[in-house]
Amino acid sequence: MTHAPQATALYERHEGYIPRVAAIHDLCGYGKCSLGVAIPVLSAAGCDVCPVPTGLFSSHTAFPGWYMHDTTDILADYLAAWQGIGVELDAVYSGFLGAPEQVDIIKQVWDTYPDALRVVDPVMADHGKVYPTYTTELVAAMGTLADGADILTPNLTEAAIILGREWEGADVDGETVRSIMGALRERGAKNVVLKGIEHGDGLIHNYVWGDSVDFTETTNAKLPYMLHGTGDVFASTLLAAVMAGRDLACATAFAADFTADAMVVSAKQPDFEARGVSFEPLLGKVTALLG
């Protein structure tokens, strides 16, 4: 790992204060991802997690026969009720969305809480393919969230979609990485974390670059299997580190290491490749960020 020579924290944590984070994700009954990851991880970092469920799933979509309930119709009243009781937020963290209208709802939350940190994990695609619940309209709308993000955490497929570029696979060179991240910053993303890059060297590379941090790379060994939900674990632990007062370079390195460690733990579980990331035994590492 190479640390950036200049990096500033995006959130100043005050001793004794518990920050509130709105987690705008789906809720999945089986197969660990989205709110099932964000709530325990951010709670371990001493955050008050306020969930906003964008959809209800029986399981993640890698399982056959999954059921989804779109919650779009309830969200306006749900969030209006928060305003009615004076809820304050320190960060707004969005992930998987169920309908294009939910993008407008997130932007309304941004307007309601202008001082809250805006964290966008544009969960919509991987390995060159868009997730099955995403329509053309939803994909286009999701891309507009990149314009106002304080932290944007796409994988290569999602970055290509946002920029209207062709997906070139996971193995791209450093010049392409800089070009993609630079283009996302030009669109308005203040800080970009580009995940899951391969250079054919047996490593997984993650890059961070933005207003608060110089171009920085982290590396971890590539494991011989893939797991559903690793992106949610990565983004949630990254935000946990940020809310604990770490700069974005340190937060990216922490998230990459935590995700890799959780994948190792997962491989010891039955049916691990379908079930998802077993991160629970490692939550003490998140809590240790507060030390």
Enquirer: State whether a side-chain donor-acceptor pair under 3.5 Å links S34 with D232.
Expert: no
Enquirer: Does a donor on one side chain and an acceptor on the other come within less than 3.5 Å for T176 and D173?
Expert: yes
Enquirer: Considering only heavy atoms from C-beta outward, does the side chain of I106 approach that of I24 to under 4.5 Å?
Expert: yes
Enquirer: Do N191 and L10 touch side chain to side chain, with heavy atoms closer than 4.5 Å?
Expert: yes
Enquirer: Locate the shortest heavy-atom distance separating A146 from I162; write the atom from each residue and the value.
Expert: CB-CG2, 4.0 Å
Enquirer: So, are R20 and E88 salt-bridged, with charged N and O less than 4.0 Å apart?
Expert: no
Enquirer: Does D211 have any salt bridge (charged side-chain N to carboxylate O under 4.0 Å, His left out) partners at least two apart in sequence or in another chain, and if so, which?
Expert: R185
Enquirer: Would you compute the distance between atom OG1 of T157 and atom CZ of R165 and round it to the nearest 0.5 angstrom?
Expert: 14.0 Å
Enquirer: Quick one: does L163's side chain get under 4.5 Å of R187's, heavy atoms only?
Expert: yes
Enquirer: Can you find a side-chain donor-acceptor pair between Y113 and D90 that sits under 3.5 Å?
Expert: no
Enquirer: May I ask you to say whether K190 pairs ionically with D150, meaning some side-chain N is under 4.0 Å from a carboxylate O?
Expert: yes
Enquirer: How are the rings of H69 and Y67 set relative to one another: parallel (under 30°), tilted (30 to 60°) or perpendicular (over 60°)?
Expert: parallel
Enquirer: Is the CG atom of D111 crowded by more than 12 outside heavy atoms at less than 6.0 Å?
Expert: yes
Enquirer: Between the main-chain N or O of A62 and the side-chain N or O of H60, is there a donor-acceptor pair closer than 3.5 Å?
Expert: yes
Enquirer: Can you tell me how far apart CZ (F57) and CZ (F96) are? Round to the nearest 0.5 Å.
Expert: 3.5 Å
Enquirer: Give a yes or no on whether a salt bridge exists between D121 and K195, defined as a side-chain N under 4.0 angstrom from a carboxylate O.
Expert: yes
Enquirer: When you look at T72 and Q102, which way does the side chain to side chain donor-acceptor pair (under 3.5 Å) test go after all the steps?
Expert: CA-CA 6 Å; T72 303; Q102 293 182 359; 3.0 Å; yes
Enquirer: I'd like to know if K285 pairs up with D257 as an ion pair, taking the criterion as any Lys NZ or Arg NE/NH1/NH2 lying under 4.0 Å from an Asp or Glu carboxylate oxygen.
Expert: no
Enquirer: With a 4.5 Å limit on heavy-atom distance, are the side chains of P40 and E280 in contact?
Expert: no
Enquirer: Rounded to the nearest 0.5 Å, how far does OH of Y17 lie from CG of D48?
Expert: 8.5 Å
Enquirer: In Å, rounded to the nearest 0.5 Å, how long is the span from CG of L289 to SG of C250?
Expert: 10.0 Å
Enquirer: Tell me, yes or no, whether the heavy-atom count around I18 atom CD1, taken from other residues, nucleotides or ligands under 6.0 Å, exceeds 12.
Expert: no
Enquirer: Does H25 have any ring-ring contact (aromatic ring centres under 6.0 Å, His included) partners at least two apart in sequence or in another chain, and if so, which?
Expert: Y93
Enquirer: Just by modelled atom types, is the A253 backbone N or O under 3.5 Å from a matching donor or acceptor in the T218 side chain?
Expert: no
Enquirer: Can any side-chain N or O of H127 pair as donor or acceptor with the backbone N or O of A170 at less than 3.5 Å?
Expert: no
Enquirer: Taking the side chain as everything from C-beta on, heavy atoms only, tell me whether W110 gets closer than 4.5 Å to L145.
Expert: yes
Enquirer: Who pairs with F279 by ring-ring contact (aromatic ring centres under 6.0 Å, His included), at least two apart in sequence or on another chain?
Expert: none
Enquirer: What's the separation between atom CG in D126 and atom CG in N155, rounded to the nearest 0.5 Å?
Expert: 4.5 Å
Enquirer: Can you confirm if the NZ or CZ of R178 lies within 45° of the ring axis of F215 and under 6.0 Å from the centre of its six-membered ring?
Expert: yes
Enquirer: State, to 0.1 Å, how close V242 and Y11 come at their nearest heavy-atom pair, and which atoms those are.
Expert: O-CB, 3.6 Å
Enquirer: Can you find a heavy atom in the side chain of L156 that is under 4.5 Å from one in the side chain of V172?
Expert: yes
Enquirer: Is there a donor-acceptor pair under 3.5 Å between the side chain of T135 and the backbone N or O of L138?
Expert: yes
Enquirer: Please check if the number of heavy atoms outside K107 that lie under 6.0 Å from its NZ is greater than 12.
Expert: yes
Enquirer: Work out which heavy atom in A159 is nearest to a heavy atom in I180; give both atom names and the distance.
Expert: CB-CG2, 3.7 Å
Enquirer: Output, in order, the C-alpha distance, side-chain angles, deciding distance and verdict of side-chain contact (heavy atoms from CB on, under 4.5 Å) for V37 and V277.
Expert: CA-CA 9 Å; V37 173; V277 189; over 6 Å; no
Enquirer: At their closest point, which heavy atom of A125 faces which heavy atom of I161, and how far apart are they?
Expert: CB-CD1, 3.6 Å
Enquirer: Under 3.5 Å, is there a donor on one side chain and an acceptor on the other for N206 and T252?
Expert: no
Enquirer: Between S59 and W66, is there a side-chain donor-acceptor contact under 3.5 Å, judged purely by atom types and distance?
Expert: no
Enquirer: Donor-acceptor pair, T259 side chain versus A256 backbone, under 3.5 Å?
Expert: no
Enquirer: Looking only at side-chain N and O atoms, does T54 offer a donor or acceptor that is under 3.5 Å from a partner on D26?
Expert: no
Enquirer: Any side-chain to backbone donor/acceptor pair from Y207 onto G174? Under 3.5 Å, distance only.
Expert: no
Enquirer: Has the side chain of Y134 got a donor or acceptor atom that lies under 3.5 Å from a matching backbone atom of G98?
Expert: no
Enquirer: Is there a path of hydrophobic side-chain contacts, each under 4.5 Å between heavy atoms of I/L/V/M/F/W/Y residues, joining I204 to M226?
Expert: no
Enquirer: Is T144 reaching over with its side chain to a backbone N or O of A141, donor-acceptor style, under 3.5 angstrom?
Expert: yes
Enquirer: Output yes when a side-chain donor or acceptor of E158 lies under 3.5 Å from a complementary backbone atom of M124, and no otherwise.
Expert: yes
Enquirer: Please check if the side chain of H228 supplies one atom and the backbone of E273 the other of a donor-acceptor pair under 3.5 Å.
Expert: no
Enquirer: Nearest heavy-atom pair of V192 and P154: which atoms, and what distance?
Expert: CG1-CD, 4.4 Å
Enquirer: To the nearest 0.5 Å, tell me how far I151 CD1 sits from S212 OG.
Expert: 7.0 Å
